[in-house]
Amino acid sequence: MSTILIFGHKNPDTDTITSAISMSYLQNQLGLKTEAVALGAPNEETQFALDYFKVAAPRIIKRASDETKQVMLVDHNEAQQSVDDIKDVEVLAVVDHHRIANFETANPLYYRAEPVGCTATILYKMYQENDIAIPKEIAGLMLSAIVSDTLLFKSPTSTHQDEKVAKLLAEMADVNLEEYGLEMLKAGTNLATKTDEEILDLDAKSFTMNGKIVRIGQVNTVDVAEVLARQASLEALMTEKNAKDGFDLFVLVITNILDSDSVVLAIGEEIAAVEKAFNVTLENHTALLPGVVSRKKQVVPQLTEAF
């Protein structure tokens, strides 16, 4: 029997990479033969966590069906966010904390979705339910995922469960939660060395909203002005991607992790939906979104409703 591949969404973030690793370790302890893989390279924040806990990054794949018949998904379920040949393999399990859309299977499967801030919080419960001990390095990676997805509990997606689990994982990983968390988040805000392409694709997902294809990217920073200094070239590339990839709207959410605010940059035919969704008037294609830090809870639902 071929090895079951476990992976998260394209343009992987810390939760995606580390949850694939954590899920694979759990399933292997339960007797399955699995491997954590990725649909893209780790970003700087994720690489910081991997290096800190001395865990190798998963290998990157473009297709799954060339080497396996069965897969498990973490941190996503929507087909357009998954591996390109997702319809050619059997999905055995999904562990996720996002909306469910554009997802169907031919066979029954294990599906675990909870409204918490991070996939790793759910995985922690699965370890406890199966009485599987969490190794120090896996605990550190799971902690990193929670810190990343909740912005150290500042995001509205963060729940009491996330914070409780993070504190337990920090003890297992032998780190100071606040100190490590802030150091890791700052590692992911170095955008000066990134190209425009990398900034737009760093953490971007495509969504179908009432028949329209909406691309939403998000970058974390401690200096929004640094990103907006590149606005002209970013807009040109967003326009190019809209035409090439068929996006009706491209939205870039630039989030200040210190102030917990965001600036939205929007380009496309459906730009009016952004103004409607957030009750703002775009000036030079941008608007301030006070208190907005979560794409999942404060951007996607509002845009979906607007469409």
Side-chain angles (χ1 to χ4, degrees), residues 3-9 12-38 40-60 72-75 93 95-97 112 114 116-155 157-189 220 257:
T3 300
I4 300 166
L5 298 183
I6 301 178
F7 49 84
H9 55 73
D13 56 15
T14 301
D15 188 19
T16 276
I17 295 285
T18 62
S19 285
I21 295 171
S22 304
M23 177 71 162
S24 180
Y25 181 87
L26 172 62
Q27 295 302 324
N28 291 344
Q29 294 303 302
L30 293 174
L32 296 180
K33 183 182 179 183
T34 75
E35 179 190 359
V37 294
N43 59 37
E44 289 184 337
E45 177 192 276
T46 309
Q47 193 61 56
F48 175 90
L50 292 169
D51 292 343
Y52 191 97
F53 293 105
K54 297 180 174 57
V55 177
R59 67 184 176 91
I60 299 172
M72 295 181 177
L73 311 183
V74 293
D75 199 32
V95 181
D96 192 18
H97 67 126
R112 181 82 171 255
E114 297 185 23
V116 292
C118 183
T119 308
T121 300
I122 306 171
L123 285 171
Y124 174 86
K125 297 180 185 180
M126 293 171 63
Y127 271 86
Q128 300 304 305
E129 291 162 3
N130 288 281
D131 198 26
I132 302 296
I134 304 176
K136 179 179 179 179
E137 68 275 11
I138 298 294
L141 295 183
M142 293 170 71
L143 167 66
S144 301
I146 296 174
V147 167
S148 176
D149 267 16
T150 67
L151 285 179
L152 205 53
F153 318 118
K154 291 181 180 179
S155 171
T157 62
S158 183
T159 68
H160 174 69
Q161 293 181 60
D162 298 298
E163 194 163 355
K164 178 181 178 181
V165 169
K167 290 177 180 177
L168 293 170
L169 290 169
E171 291 181 7
M172 295 179 189
D174 192 25
V175 296
N176 180 289
L177 174 55
E178 294 290 333
E179 291 178 3
Y180 170 77
L182 189 57
E183 189 177 1
M184 188 198 75
L185 289 175
K186 285 185 175 179
T189 64
N220 291 338
I257 64 169

Subject >> Verdict with supporting geometry, Asp149 and Thr157, side-chain contact (heavy atoms from CB on, under 4.5 Å) >> reply: CA-CA 8 Å; Asp149 267 16; Thr157 62; 5.8 Å; no

**OP:** Given side-chain hydrogen bond (donor to acceptor under 3.5 Å, both in side chains), test Ser24 with Glu35 step by step and report yes or no.
**Re:** CA-CA 6 Å; Ser24 180; Glu35 179 190 359; over 6 Å; no

**OP:** Assess whether side-chain contact (heavy atoms from CB on, under 4.5 Å) is satisfied between Ile134 and Gln128, documenting all intermediate values.
**Re:** CA-CA 9 Å; Ile134 304 176; Gln128 300 304 305; 4.1 Å; yes

**OP:** Please assess Gln27 against Ile4 for the test side-chain contact (heavy atoms from CB on, under 4.5 Å), listing each intermediate value before the final yes or no.
**Re:** CA-CA 10 Å; Gln27 295 302 324; Ile4 300 166; over 6 Å; no

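Pairing each heavy atom of Ala20 with each of Ile6, the nearest pair is CB-O, 3.8 Å. Considering all non-hydrogen atoms of both residues, Cys118 and His97 come closest at N-ND1, 3.4 Å. Nearest heavy-atom pair, Glu45 versus Gly188, reported as atom, atom and distance to 0.1 Å: CB-CA, 3.7 Å. A pairwise comparison of heavy atoms in Ile138 and Ser22 identifies CG2-OG, 3.7 Å as the closest pair.
With sequence neighbours excluded, no residue forms a salt bridge (Lys or Arg N to Asp or Glu O under 4.0 Å) with Glu179. Taking Glu114 as the reference, Arg112, Lys125 meet the side chain to side chain donor-acceptor pair (under 3.5 Å) condition, with sequence neighbours excluded. Not counting sequence neighbours, Glu183 has no partner by the salt bridge (Lys or Arg N to Asp or Glu O under 4.0 Å) test. For Asn130, there are no side chain to side chain donor-acceptor pair (under 3.5 Å) partners at least two apart in sequence or on another chain. In this structure Glu137 satisfies the salt bridge (Lys or Arg N to Asp or Glu O under 4.0 Å) test with no other residue, sequence neighbours excluded. Judged as a salt bridge (Lys or Arg N to Asp or Glu O under 4.0 Å), and not counting sequence neighbours, Lys186 has no contacts.
For the residue pair Gln47 / Asn43, no side-chain donor-acceptor distance below 3.5 Å is found, with atom types taken as modelled. Inspection of the Asp75 and Ser19 side chains reveals no N or O donor paired with an N or O acceptor under 3.5 Å.
Counting heavy atoms from C-beta outward, Glu44 and Thr189 have side chains that stay 4.5 Å or more apart. The closest side-chain heavy-atom distance from Met142 to Thr18 is not below 4.5 Å. In this structure, the side chains of Pro12 and Thr46 stay at 4.5 Å or more apart for every pair of heavy atoms. Using a 4.5 Å heavy-atom threshold, the side chains of Leu50 and Ile21 count as touching. Using a 4.5 Å heavy-atom threshold, the side chains of Phe53 and Ser144 count as touching. In this structure the side chain of Ile17 reaches within 4.5 angstrom of the side chain of Pro58, judged on heavy atoms. Taking the side chain as every heavy atom from C-beta outward, Val37 and Ile60 never approach each other to under 4.5 Å. Thr14 places none of its side-chain heavy atoms less than 4.5 Å from the side chain of Phe48.
For the atom pair CE of Met72 and OG1 of Thr34, the computed distance is 7.0 Å after rounding to the nearest 0.5 Å. Atom CG in Leu73 sits 5.5 Å away from atom CZ in Phe7 (nearest 0.5 Å). With rounding to the nearest 0.5 Å, the separation of CE in Met23 from OH in Tyr127 is 9.5 Å. In this structure, CG in Leu143 is found 6.5 Å from CD1 in Ile146, a value given to the nearest 0.5 Å. One distance of note links CG of Leu30 with CE of Met126; it measures 8.0 Å at 0.5 Å rounding. Summarising the geometry, atom CD1 belonging to Ile132 is positioned 6.5 Å from atom CG belonging to Leu26; distances are rounded to the nearest 0.5 Å.
Side-chain atoms of Asp96 do not come within 3.5 Å of backbone N or O of Val74 as any donor-acceptor pair. When atom types are taken as modelled, the side chain of Ser158 and the backbone of Lys154 share no donor-acceptor pair closer than 3.5 angstrom. At distances below 3.5 Å, at least one donor-acceptor pair connects side-chain atoms of Asp162 with backbone N or O atoms of Gly117.
The 12-atom threshold is exceeded at CG of Asn176, counting heavy atoms of other residues, nucleotides or ligands nearer than 6.0 Å.
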